[in-house]
Amino acid sequence: MTFSIAAVCEKTGETGCAVSSSSICVTSRCAFVGDGGAVLTQNVTNPSLGIKALRLLREGFTPQEALDRLLLNELYPQWRQLLIVDRYARTAAFDGDKALGIVGKAKGGHCIAAGNLLAKPDVPQAMVAAFEASEGALAERLIKAMEAGLAAGGEAGPVYSSGVKVARPGFDWPIVDLRIDWRDAPINELRLLWEQYAGQMEDYLMRAKNPNAAPSYGVPGE
């Protein structure tokens, strides 16, 4: 019930992922980022796999090694779909044999995309092509990939939630964590939300690193 993409920016070292689904709260359950990489756990979702995969990446395991370890200890691997990318652009993916509907995945030079219950099997390839043809901030490129996936058919039915998350080296929390839930056009609304946040993001990061150098807050009573 999901289509998604995980990627690394070759210029900044940022890692991130974006996802959309007919299910509510897809980003909180499926998308995980950290300074070691980005992980998507989807289909019939087990969010703990995302947390465990990031820990394995931080410990130095490759995406494929992390995936193999996860599947050894997962009680119901046949229901899971997993995507992993690390900071070195290495990727790994898994489709359980109970993945729902039309299942597809595609790999690019710095990204990997996949989905289940897709309208068409080539939706992930459209996402990868859009990501690789794009420029700018990683979040922007991920959203362009989601827009391309939607234009290529997206999920077999309507989607109602979407989100994007990005991690940057040197920060131990996501610098981008935007999500839209239970709306009729969540990817369109995600685009608008990102455009509102993009111009302010670096200011918020400076406030965390060095408040004395941060710009004015611009609030009444300051």
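Index from 1, following the sequence.
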Enquirer: Tell me every residue that passes ring-ring contact (aromatic ring centres under 6.0 Å, His included) with F61, counting only those two or more places apart in sequence or in another chain.
Expert: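 Not a single residue meets the ring-ring contact (aromatic ring centres under 6.0 Å, His included) criterion with F61.
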Enquirer: For residues L57 and I84, determine if any side-chain heavy atom of one lies less than 4.5 Å from a side-chain heavy atom of the other.
Expert: yes
Enquirer: Flag the pair I24 / Y160 as yes when at least one side-chain heavy-atom distance between them is below 4.5 Å, and no otherwise.
Expert: no
Enquirer: Between Q42 and S4, which heavy-atom pair has the shortest distance, and what is it?
Expert: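 Looking at all heavy atoms of both residues, the shortest contact is OE1-OG, 2.7 Å.
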Enquirer: Do L49 and V103 share a hydrophobic cluster, counting only Ile, Leu, Val, Met, Phe, Trp and Tyr and linking them when any side-chain heavy atoms are less than 4.5 Å apart?
Expert: no
Enquirer: Hey, which of D35, L205, V166 is the one that makes side-chain contact (heavy atoms from CB on, under 4.5 Å) with F171?
Expert: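 Looking at D35, L205, V166, the match for F171 under the side-chain contact (heavy atoms from CB on, under 4.5 Å) is L205.
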Enquirer: When you compare the side chain of F32 with that of C17, does any pair of heavy atoms fall below 4.5 Å?
Expert: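 No - every pair of side-chain heavy atoms lies 4.5 Å or more apart.
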Enquirer: Please name the pair of heavy atoms, one in T45 and one in R29, separated by the smallest distance, quoted to 0.1 Å.
Expert: CG2-O, 3.4 Å
Enquirer: Which atom pair, heavy atoms only, marks the closest approach of G153 to A119?
Expert: O-CB, 3.3 Å
Enquirer: Please check if atom CD in E59 has more than 12 non-hydrogen atoms from other residues, nucleotides or ligands closer than 6.0 Å.
Expert: yes
Enquirer: Do other residues, nucleotides or ligands put more than 12 heavy atoms under 6.0 Å from D184 CG?
Expert: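 Not buried by this count: 12 neighbours or fewer within 6.0 Å.
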Enquirer: Could you walk me through whether R141 and H110 pass the side-chain contact (heavy atoms from CB on, under 4.5 Å) test, one step at a time?
Expert: CA-CA 12 Å; R141 299 177 68 193; H110 293 84; over 6 Å; no
Enquirer: Would you say that F94 contacts T41 through its side chain, given a criterion of any heavy-atom pair below 4.5 Å between the two side chains?
Expert: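 Not touching, per the 4.5 Å side-chain cut-off.
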Enquirer: From N46 CG over to Q81 CD, what is the distance, rounded to the nearest 0.5 angstrom?
Expert: 14.0 Å
Enquirer: With hydrophobic residues grouped by side-chain heavy-atom distances under 4.5 Å, do L40 and F131 end up in a single group?
Expert: no
Enquirer: CD/E74 to CG/L67 distance, rounded to the nearest 0.5 angstrom?
Expert: 11.0 Å
Enquirer: Specify the closest pair of heavy atoms between C25 and D181, including all atoms of both residues, with the distance to one decimal.
Expert: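 Heavy-atom minimum between the residues: N-OD1, 2.8 Å.
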Enquirer: Would you compute the distance between atom CG of L138 and atom CD of E10 and round it to the nearest 0.5 angstrom?
Expert: 9.0 Å
Enquirer: For T15 and G37, indicate whether the former's side chain and the latter's backbone hold a donor-acceptor pair under 3.5 Å.
Expert: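 Flag set: sc T15 to bb G37 pair under 3.5 Å.
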Enquirer: Is there a side-chain contact between I5 and L142 (heavy atoms, below 4.5 Å)?
Expert: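 Answer yes - side chains close enough.
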Enquirer: Applying side-chain hydrogen bond (donor to acceptor under 3.5 Å, both in side chains), name anything that partners E132, two or more places apart in sequence or on another chain.
Expert: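 So E132 forms no side-chain hydrogen bond (donor to acceptor under 3.5 Å, both in side chains) with any residue.
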Enquirer: If every non-hydrogen atom of A7 is compared with every non-hydrogen atom of V85, which pair is closest and at what distance?
Expert: N-CG1, 3.6 Å
Enquirer: Are L178 and L190 side-chain neighbours, meaning at least one heavy-atom pair lies under 4.5 Å?
Expert: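 Side-chain contact under 4.5 Å: yes.
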Enquirer: Which residues pass the side-chain hydrogen bond (donor to acceptor under 3.5 Å, both in side chains) test with R191, not counting sequence neighbours?
Expert: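 Checked R191 against side-chain hydrogen bond (donor to acceptor under 3.5 Å, both in side chains); matches are E140, E147.
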Enquirer: Do you reckon I187 sits in the same ILVMFWY cluster as W194, going by side-chain contacts under 4.5 Å, direct or chained?
Expert: yes
Enquirer: Could you walk me through whether R183 and N188 satisfy the side-chain contact (heavy atoms from CB on, under 4.5 Å) test, starting with their C-alpha distance in whole Å, then the side-chain angles of each, then the deciding distance to 0.1 Å, before giving a yes or no?
Expert: CA-CA 10 Å; R183 305 290 288 180; N188 293 344; over 6 Å; no
Enquirer: Is a side-chain donor or acceptor of R80 paired with a backbone partner of V44 at a separation under 3.5 angstrom?
Expert: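 Looks like yes, one N/O pair under 3.5 Å.
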Enquirer: Report yes or no: do L82 and V8 belong to one cluster of Ile/Leu/Val/Met/Phe/Trp/Tyr joined by side chain heavy-atom distances under 4.5 Å?
Expert: no
Enquirer: Side chains of E14 and I175: does their closest heavy-atom pair fall under 4.5 Å?
Expert: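 Yes, their side chains come closer than 4.5 Å.
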Enquirer: Under a 3.5 Å distance rule, please check whether K120 uses its side chain to pair with a backbone N or O of A152 as donor and acceptor.
Expert: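 Flag set: sc K120 to bb A152 pair under 3.5 Å.
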Enquirer: Any idea which heavy atoms bring A130 and A148 closest together, and the distance?
Expert: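 In terms of heavy atoms, the two residues are closest at CB-CB, 3.4 Å.
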Enquirer: Same hydrophobic cluster for Y204 and W173, using side-chain heavy-atom links shorter than 4.5 Å among ILVMFWY?
Expert: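 Per the 4.5 Å side-chain linkage, Y204 and W173 are co-clustered.
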Enquirer: For residues L193 and E189, determine if any side-chain heavy atom of one lies less than 4.5 Å from a side-chain heavy atom of the other.
Expert: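 Contact flag for L193/E189 side chains = no.
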Enquirer: Show the numbers, then the answer: is there a side-chain contact (heavy atoms from CB on, under 4.5 Å) between V176 and M201?
Expert: CA-CA 8 Å; V176 179; M201 182 178 72; 3.5 Å; yes
Enquirer: To the nearest 0.5 Å, tell me how far L54 CG sits from D86 CG.
Expert: 11.0 Å
Enquirer: When rounded to the nearest 0.5 angstrom, what distance separates CE in M146 from OG in S20?
Expert: 5.0 Å
Enquirer: Rounded to the nearest 0.5 Å, how far does CG of D95 lie from CG of L100?
Expert: 11.5 Å
Enquirer: Whether the side chain of S161 engages the backbone of S23 through a donor-acceptor N/O pair (distance < 3.5 Å, no angle test) should be reported.
Expert: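 Yes; judged by distance alone, with no hydrogens or angles, the pair exists.
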Enquirer: Could you tell me whether the side chain of T27 and the main chain of V164 form a donor-acceptor pair under 3.5 Å?
Expert: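 No, T27 side chain to V164 backbone: no donor-acceptor pair under 3.5 Å.
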